[in-house]
Amino acid sequence: MTAATTAVDLHVKVLEESVVERAKARGLDAIVYAPHFQRLPSIREAAERFSDEELLVVPGREVFTGSWRERRHVLAIGLEEPVPDFITLESAMREFGRQDAAVLVPHPSFLNVSLGAEEIDSYRDVIDAVETYNPKHWPHHDRRARTIAVEADLPQFASSYAHLWRSVGEAWTTFDRSINDERELVEALRNGAPGSVHHRTGLAHRGQCALEFAHLGWENSWKKVDRLLLSGREATHPDDPAYEGRFDDAAVY
């Protein structure tokens, strides 16, 4: 990590030794680990276990708000208390604000699971940055995301959104400051610290992007069937005892 800049992959779904090795090989200083449907304490424990002097792993939560028909994903970094999935977008945003978390918009207006321009404008005072490069996007998705970010006058970020370990470091955001821990990353995002969007190029990059996009099909077919019909209720459902009934009024089902 240099004194002047910090390279961060702001959204990674997988975490194992191969991920850490790939992140270091790609010159990253930090990654944000935000897996689907895992509670914050387990995410935080894994992040601490895989962090070392060369790579900072920061815990994050991509919260799935709304019902299955009206899903909206929001990425929160810096949460101190767990926030479940399957609550209203309004409730999630209010809770993020209460905890002073950094709030990021992943893959805006992508498919039917993302915040659109109107929703981003509605929560402009809570949102800290909009993703404008994601390997799962097609070029027109990135162009639309940049337009949304510019019109909302919000900072832009990039991430690998890696569901596959080889995707880590395919895209990243470089901040113009040293970031040494979770709180410093949250402060950089919350205060609009200058950051620049970067991604790899060439055939290998395009090939890995294609693999990530193909993974999306598996995730939304067999994986979703398994999640909905075979595996039972998610650990991040608001009815789970871990949330102590705090989100009963906000639950969508």
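Residue numbers run from 1 in the order of the sequence given.
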- Task: Would you sort out whether Y253 and H237 count as a ring pair (Phe, Tyr, Trp, His ring centres under 6.0 Å), showing the intermediate values?
- Result: CA-CA 9 Å; Y253 70 88; H237 193 284; 5.3 Å; yes
- Task: Applying ring pair (Phe, Tyr, Trp, His ring centres under 6.0 Å), run through H73 and H107 and close with a yes or a no.
- Result: CA-CA 9 Å; H73 297 185; H107 45 72; 5.3 Å; yes
- Task: Apply side-chain contact (heavy atoms from CB on, under 4.5 Å) to the pair F96 and R61, showing each step before the final yes or no.
- Result: CA-CA 11 Å; F96 298 155; R61 273 280 285 133; over 6 Å; no
- Query: Given the rule in the side-chain contact (heavy atoms from CB on, under 4.5 Å) test, do L185 and V32 qualify, once you have shown the distances and angles that lead to the verdict?
  - Reply: CA-CA 10 Å; L185 177 59; V32 173; 3.8 Å; yes
- Message: Does Q208 form a side-chain hydrogen bond (donor to acceptor under 3.5 Å, both in side chains) with E212? I'd like the steps, not just the answer.
- Response: CA-CA 6 Å; Q208 194 61 37; E212 277 288 347; 5.0 Å; no
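Contact annotation: the side chain of N134 never approaches that of H141 to less than 4.5 Å [non-hydrogen atoms, C-beta and beyond].
Using modelled atom types, one side-chain atom of T6 and one backbone atom of I179 make a donor-acceptor pair closer than 3.5 Å. With hydrogens and angles disregarded, no donor-acceptor distance shorter than 3.5 Å links the side chain of H199 to the backbone of V197. Within the 3.5 Å criterion, the main-chain N or O of G66 finds no donor-acceptor partner in the side chain of R72. For the pair R22 (side chain) and W165 (backbone), a donor-acceptor distance under 3.5 Å is absent. Distance alone, capped at 3.5 Å, is enough to place a donor-acceptor pair between the S51 side chain and the V57 backbone. In this structure, the side chain of D9 does not engage the main chain of I31 through any donor-acceptor pair within 3.5 Å.
Ring-centre distance between H36 and F64: below the 6.0 Å cut-off.
The salt bridge (Lys or Arg N to Asp or Glu O under 4.0 Å) search around D128 returns R190, not counting sequence neighbours. Partners of V150 under the side-chain contact (heavy atoms from CB on, under 4.5 Å) rule, at least two apart in sequence or in another chain, are Q156.
When each of T5, V8, D29 is paired with F175, the side chain to side chain contact (heavy atoms under 4.5 Å, CB included) condition holds for V8 and for no other. Between R44 and the options E81, E182, E80, a salt bridge (Lys or Arg N to Asp or Glu O under 4.0 Å) holds for only E182.
A salt bridge between D52 and K24 is present, with a side-chain N of the basic residue lying under 4.0 Å from a carboxylate O of the acidic one. Salt bridge absent: R177 and E184 never bring a charged side-chain N and a carboxylate O closer than 4.0 Å.
The neighbour count for E45 CD, taken as heavy atoms of other residues, nucleotides or ligands under 6.0 Å away, is above 12. Residue-environment remark: CD (E16) exceeds the threshold of 12 foreign heavy atoms within 6.0 Å.
Note that the CG atom of L104 and the CG atom of L75 stand 5.0 Å from one another [nearest 0.5 Å].
For the residue pair S160 / E170, no side-chain donor-acceptor distance below 3.5 Å is found, with atom types taken as modelled.
Residue pairs meeting the side-chain hydrogen bond (donor to acceptor under 3.5 Å, both in side chains) criterion with at least one partner in residues 239-250, sequence neighbours excluded, are R39-D240.
Residues L115 and M93 approach most closely at CD2-CE, 3.9 Å, considering heavy atoms.
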